[in-house]
Amino acid sequence: MEECCSTKPKKEYNHNHEGHDHDHSHDTGDQSTFQMFLPAIISFTLLLIGIALDYYIKPDWFSGWIRLVWYLIAYVPVGFPVLKEAYGSITKGDVFSEFFLMGIATIGAFAIGEYPEGVAVMLFYSVGEVFQAMAVTKAKSNIKSLLDQRPDEVTVLENGKPRMMKAVDAKIGDIIQLKSGEKLGLDGELLSDKSSFNTSALTGESKPDTKIKGETVLAGMINLNTVSQIKVTASFKDSKLSKILELVQNATSQKAPTELFIRKFAKIYTPIVVFLAIGITLLPYFFIENYQFKEWLYKALVFLVISCPCALVISIPLGYFGGIGAGSRNGILIKGSNFLDVLANIQNVVMDKTGTMTEGVFKVQEVHFSKEFNQEEILKLVNALEGQSTHPVATAIHEFVGEVDHSIQLENVEEIAGQGLKADINGKEILVGNLKLMKQFNISFDVNIEKIVYTLIAVAYDKKFVGYLTIADSIKEDAQLTINKLKSLGVKTTMLSGDKTSVVQFVADQLGIENAYGDLLPEDKVNKVKEIKAKNQTVAFVGDGVNDAPVVALSDVGIAMGGLGSDATIETADIVIQDDQPSKIPMAINIGKQTKKIVWQNIILAFAVKAIVLILGAGGLATMWEAVFADVGVALLAILNAVRIQRMKF
């Protein structure tokens, strides 16, 4: 059984609960379902035979020490592991565990001659533990099967000959040969001219992704067409997929406030229950005439079984882990259950524009040059100059104009930060950049920028203003759906961008975003988020997770788009959306809300049922059998409810 207060693998993690190693693990290892249930099957068979001998066959020999030994043999397969756990907890200083509660309750039942009930309580408790172990294992395996898509072996070309080797042994710089239908084991650079890949294991996106020579391909991608060659750029342990898998497995270390409260509550609650049970046994002696120790001890034992907090300390972490798993299945990496709670209560989503709501791929929209200049010749000059830059604007111009004319001789090329480029061609000066660049070089222009809703690239040649190009990137397909869903969830939307205000406002108006601000520096974005937080409202910031690090740090939860593109993004953001789809933002919020709903359903269910049965027990109306339902039954119901989130569609 996994640790009931945590869903982390025992072999990798060691939980410390305020100074005590509170290990609740029954390590199921690679046991089959039958092996896990075998002790319970043995005990159940012996218990049924014992009950038949006790109440139906009634042989003379089934009495005294023979009867006791029979039930003890039935008790040992299910009772011994629990008593061993109780002893282990006590030696580590944690006396009041649920194992201790179960131990004293069942040993007490034997002490007063209630052998069948003692066996039954431990039997059903153990069955519940197995179901809990299976539920946690399933939650973990769901995530692992989705993310741990790395093949163990790769085909490496050595002197042109293919050789199979373990992926972990491949070195950076090795050339991998990937056949059609094969899964890539390591991150690398595509050497072949073109290849299509299935990236669903990484992004949840079923649509094939076509890569061209020089582009990055990642471990877990499946080659869909011709044989491809890939140069390894990262070791096995440093691949994006390895980091993502580690991120998800570590997610449960970040506990939600509800989870932390329940854990602290259980540590205070359990000893109180034990002392109340002692009081139930002994105090009636002073107030009741016909006091019978055995009767009141039985009531105290019932009380102990009912009070066991297993349903809470197991189902709540499982609920959060299920939420993290649901996110992973949809290409959303959530770094901790605490962020699920934050998402559930988000009131504002503040987003960047470029790469978040727009594609981030710029295209030339219009060319407005003066008639006294030859448009084709000027565009060739602009293309040659922009060929010196790696800026997205340069890429857009290159795609619009075509190949650079290398016969053009550029001299004194200079990049002026935040303004543009300057160079000399045939003894004449050319300027390509924004209007600030024109002003700096005293180039007069007549452009009403208020009416231009795209990014403007101004051009001057031989001290004269030639005109301008407009550049824009397109709005993402699901951007409108994203804003509509956020509004339906009651979330306010704000767009912050360093782009021109008119461009930002144009995109915001098209999408229906409530507030939009442009021409912002990183510190301006911080101030805008501070203004929202000053109203005591929660904020999620969505951006690239690197350039916007100050805003990400300030916001309640930082969401990074396209996390597969950057290691820094994975490390900086609280939540990483693996494909670039903004519609995953409201999906993440919805997963947070559903997770919180399920967790609170479990808390209310556990407390309500236990309260009812405790009242019945205090009145002498509840037996051990009702106590078993209140403990194991409620735990099982809560677990089934927690697992439900893994099957939800968002």
* Full working for side-chain contact (heavy atoms from CB on, under 4.5 Å) between I346 and V557 -> CA-CA 9 Å; I346 282 295; V557 59; 3.8 Å; yes
* Worked check of side-chain contact (heavy atoms from CB on, under 4.5 Å) between K58 and L53 -> CA-CA 5 Å; K58 298 181 181 178; L53 292 170; over 6 Å; no
* Between D341 and S337, is there a donor-acceptor pair closer than 3.5 Å when you use the side chain of the first and the backbone of the second? -> no
* Structure fact -> CG (N345) and CD (Q537) are apart, to the nearest 0.5 Å, by 12.5 Å
* **Which atom of Y291 lies closest to which atom of P284, heavy atoms considered** => CD1-C, 3.7 Å
* Asked: With a cut-off of 6.0 Å (strictly less than), are more than 12 heavy atoms of other residues, nucleotides or ligands near OH of Y87?
  -> no
* Kindly give the heavy-atom pair with the smallest separation between G322 and I645, and that separation in Å. => C-CG2, 3.5 Å
* Are the side chains of I288 and W296 in touch, meaning some heavy atoms are under 4.5 Å apart? -> yes
* Structure fact -> Quick note, salt bridge (Lys or Arg N to Asp or Glu O under 4.0 Å) partners involving residues 63-72, not counting sequence neighbours, are D54-R67
* Asked: Is there a side-chain contact between L554 and K533, using heavy atoms and a 4.5 Å cut-off?
  -> yes
* Structure fact -> Across all chains, not counting sequence neighbours, the ring-ring contact (aromatic ring centres under 6.0 Å, His included) partners of Y298 are none
* To do: Grab the two heavy atoms, one from Y320 and one from L340, that are nearest each other, plus how far apart they are.
  => O-CD1, 3.4 Å
* So do V539 and Q347 actually touch side chain to side chain, heavy atoms under 4.5 Å? -> no
* Check the side chains of Q594 and R644 for a donor-acceptor pair under 3.5 angstrom, ignoring hydrogens and angles. => no
* Structure fact -> In terms of heavy-atom contacts, A344 and K596 come closest through CB-CD, 3.8 Å
* Asked: Would you say S43's side chain and A40's backbone share a donor-acceptor pair under 3.5 angstrom?
  -> no
* Asked: Any donor and acceptor pair, going by atom type alone, linking the side chain of K294 with main-chain N or O of I112 inside 3.5 Å?
  -> yes
* Can you name the closest pair of heavy atoms from Y71 and V119 and give their distance? -> O-CG2, 3.4 Å
* Asked: Where the side chain of S583 meets the backbone of T482, is there a donor-acceptor pair that is under 3.5 Å apart?
  -> no
* Verdict with supporting geometry, N330 and M587, side-chain contact (heavy atoms from CB on, under 4.5 Å) -> CA-CA 9 Å; N330 288 286; M587 185 186 287; 3.5 Å; yes
* Asked: Does the side chain of F34 reach to within under 4.5 Å of the side chain of I41, using non-hydrogen atoms?
  -> yes
* Any side-chain heavy-atom pair from V130 and F37 closer than 4.5 angstrom? -> yes
* In Å, rounded to the nearest 0.5 Å, how long is the span from NZ of K485 to CG of N590? -> 8.5 Å
* **Test item: V127 and M36 side chains (from C-beta on) under 4.5 Å apart, heavy atoms** => no
* Asked: Do you know which two heavy atoms are closest between F100 and V274, and how far apart they sit?
  -> CE2-CG2, 4.1 Å
* Decide if atom NZ of K487 counts as having more than 12 heavy atoms of other residues, nucleotides or ligands within a radius under 6.0 Å. => yes
* Using modelled atom types only, decide if a donor and an acceptor are shared between the side chain of D556 and the backbone of A540 within a distance under 3.5 Å. => no
* Going from OG1 on T538 to CG on L343, what distance comes out if it is rounded to the nearest 0.5 angstrom? -> 9.5 Å
* So, does N602 use its side chain to make a donor-acceptor pair with the main chain of I316 at under 3.5 Å? -> no
* Checking T493 side chain against I513 main chain: does a donor-acceptor pair fall under 3.5 Å? -> no
* **Heavy-atom side-chain contact between L637 and L605 under 4.5 Å** => yes
* To do: Mind checking the CG-CZ spacing from L276 to F303? Nearest 0.5 Å is all I need.
  => 4.5 Å
* Side-chain touch V350/K528, heavy atoms, less than 4.5 angstrom -> no
* Residues in ring-ring contact (aromatic ring centres under 6.0 Å, His included) contact with F110, at least two apart in sequence or another chain -> Y75, Y115
* **Test log, rule side-chain contact (heavy atoms from CB on, under 4.5 Å), inputs I585 and M351** => CA-CA 10 Å; I585 301 165; M351 63 202 78; 5.8 Å; no
* Asked: Taking atom CD1 of I559 and atom CD1 of I332, what is their separation to the nearest 0.5 Å?
  -> 8.5 Å
* Asked: Under 3.5 Å, side chain of W70 to main-chain N/O of L46, donor-acceptor pair present?
  -> yes
* Asked: Taking atom CZ of F321 and atom OG of S328, what is their separation to the nearest 0.5 Å?
  -> 8.0 Å
